[in-house]
Amino acid sequence: DALMRPFVLSFDARGRVRTLSAPEFPATFEAVTDLSHQFDDLLVRLPSAPLALGLVWEDTAVVETRGANDAFFRAERVIRSRVVRDTVIGGESAWVIESVQRNTVTGAQRVKGQPLLVRTKLSGADSGLVVFSTQNGRMLARQRVGRLAGTLTYEGGPQPVVLPLEQRYENPVSPIP
């Protein structure tokens, strides 16, 4: 029920993405995840200075949403990037950019039909490479690997129930031929 549903995104010349609209997902997703910000970190965050070999920059990206019944979501990414080399892909000159992100995610929402509030706290890091075209100013490819760890806490019962939570992910992006 969630596949092939369109998102409408806007992004600026520095790679900052804004979700203009996200599809409505099935009700079964509500208690599991909020996918409306799925593409906030799709593109590399570029510096204000022109890209050059050895250039290092840092950026911070924060996404916050608030909903009804104490629901909220906050994700903060501190991104450190560096141009490590040049390359050529399909005849197109490009920079290879190495990035490391420190991530912190917190959220809460009521459990439907229950007197419970579930809180999520995760933190961790990911790292990867981006290939960015010097000719056309576009991302040609990206590879990222990361790990987040933390807790899922249910409040509202006789005592809080705290469960460990870990997420590992690989996130490759490549052009469709």
Side-chain angles (χ1 to χ4, degrees), residues 1-48 57-81 97-130 139 142-173:
D1 287 342
L3 295 177
M4 306 306 288
R5 293 188 176 206
F7 282 75
V8 177
L9 306 174
S10 169
F11 55 92
D12 66 17
R14 293 194 47 211
R16 293 176 290 217
V17 176
R18 233 176 25 134
T19 302
L20 300 178
S21 68
E24 293 216 13
F25 291 100
T28 54
F29 279 46
E30 287 177 15
V32 180
T33 189
D34 175 6
L35 296 175
S36 63
H37 293 280
Q38 189 67 24
F39 297 105
D40 287 349
D41 63 350
L42 174 66
L43 302 175
V44 62
R45 299 285 292 244
L46 296 171
S48 57
W57 69 98
E58 192 167 293
D59 198 357
T60 300
V62 177
V63 173
E64 286 186 321
T65 60
R66 297 224 171 256
N69 300 319
D70 303 319
F72 78 90
F73 171 82
R74 184 177 197 282
E76 180 176 295
R77 298 180 294 129
V78 178
I79 311 142
R80 183 168 172 80
S81 302
I97 301 168
E98 177 182 75
S99 289
V100 175
Q101 293 188 128
R102 291 187 321 270
N103 303 296
T104 305
V105 179
T106 56
Q109 67 181 38
R110 295 268 169 212
V111 177
K112 194 171 186 171
Q114 301 289 323
L116 300 173
L117 180 70
V118 62
R119 293 187 185 277
T120 305
K121 290 184 182 180
L122 293 166
S123 62
D126 62 46
S127 61
L129 296 174
V130 170
M139 185 175 71
R142 183 187 79 195
Q143 174 65 41
R144 190 164 61 203
V145 176
R147 177 185 173 271
L148 298 172
T151 57
L152 190 66
T153 303
Y154 289 90
E155 300 172 351
Q159 63 183 11
V161 175
V162 181
L163 304 170
L165 184 59
E166 181 178 60
Q167 296 179 352
R168 293 178 186 264
Y169 52 92
E170 284 187 38
N171 187 255
V173 175

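Throughout, numbering of the chain's residues begins at 1 and tracks the sequence. We use all heavy atoms of the structure for the numbers below, so side chains are in, but hydrogens, waters and symmetry mates are not. Being a predicted model, the structure only gives us computed values, none of them experimental.
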Is the count of non-hydrogen atoms from other residues, nucleotides or ligands lying under 6.0 Å from Glu166 atom CD greater than 12? yes
Closest contact, heavy atoms only, Val100 versus Ser127: CG2-CB, 4.1 Å
Beyond-backbone contact of Gln143 with Glu170, side-chain heavy atoms, under 4.5 angstrom: yes
With side chain to side chain contact (heavy atoms under 4.5 Å, CB included) as the criterion, how do Thr120 and Phe73 come out once you've worked through the C-alpha distance, each side chain's angles and the decisive distance to 0.1 Å? CA-CA 9 Å; Thr120 305; Phe73 171 82; over 6 Å; no
Just wondering, more than 12 heavy atoms not from Arg147 lying within 6.0 Å of its CZ? yes
In terms of heavy-atom contacts, Arg110 and Asp70 come closest through NH2-OD2, 2.7 Å
How close do Ser99 and Ser81 get, counting heavy atoms only, and between which atoms? OG-OG, 2.7 Å
Rounded distance (nearest 0.5 Å) linking atom CG of Leu20 with atom CG of Leu9: 7.0 Å
Using the side chain to side chain donor-acceptor pair (under 3.5 Å) definition, which of the options Gln101, Arg77, Arg102, Arg168 pairs with Asp126? Gln101
Starting at CZ of Arg74, measure out to CZ of Arg66 and round the result to the nearest 0.5 Å. 9.5 Å
With a 4.5 Å heavy-atom cut-off, do Phe7 and Ser21 have their side chains touching? no
Looking at every non-hydrogen atom in both residues, tell me the closest pair between Leu46 and Trp57 and how far apart they are. C-NE1, 3.9 Å
Can you tell me how far apart CZ (Arg45) and CD1 (Ile97) are? Round to the nearest 0.5 Å. 13.5 Å
Check Leu117, Leu116, Val118 against Gln109 for a side-chain contact (heavy atoms from CB on, under 4.5 Å) and give me the one that passes. Val118
Could you report the tightest heavy-atom contact between Pro160 and Thr153, atom names first, then the distance? CB-CG2, 4.2 Å
In terms of heavy-atom contacts, Arg119 and Phe72 come closest through NH1-CE2, 4.0 Å
Using side chain to side chain contact (heavy atoms under 4.5 Å, CB included), reason through Leu165 and Leu122 one step at a time and then give a plain yes or no. CA-CA 8 Å; Leu165 184 59; Leu122 293 166; 3.8 Å; yes
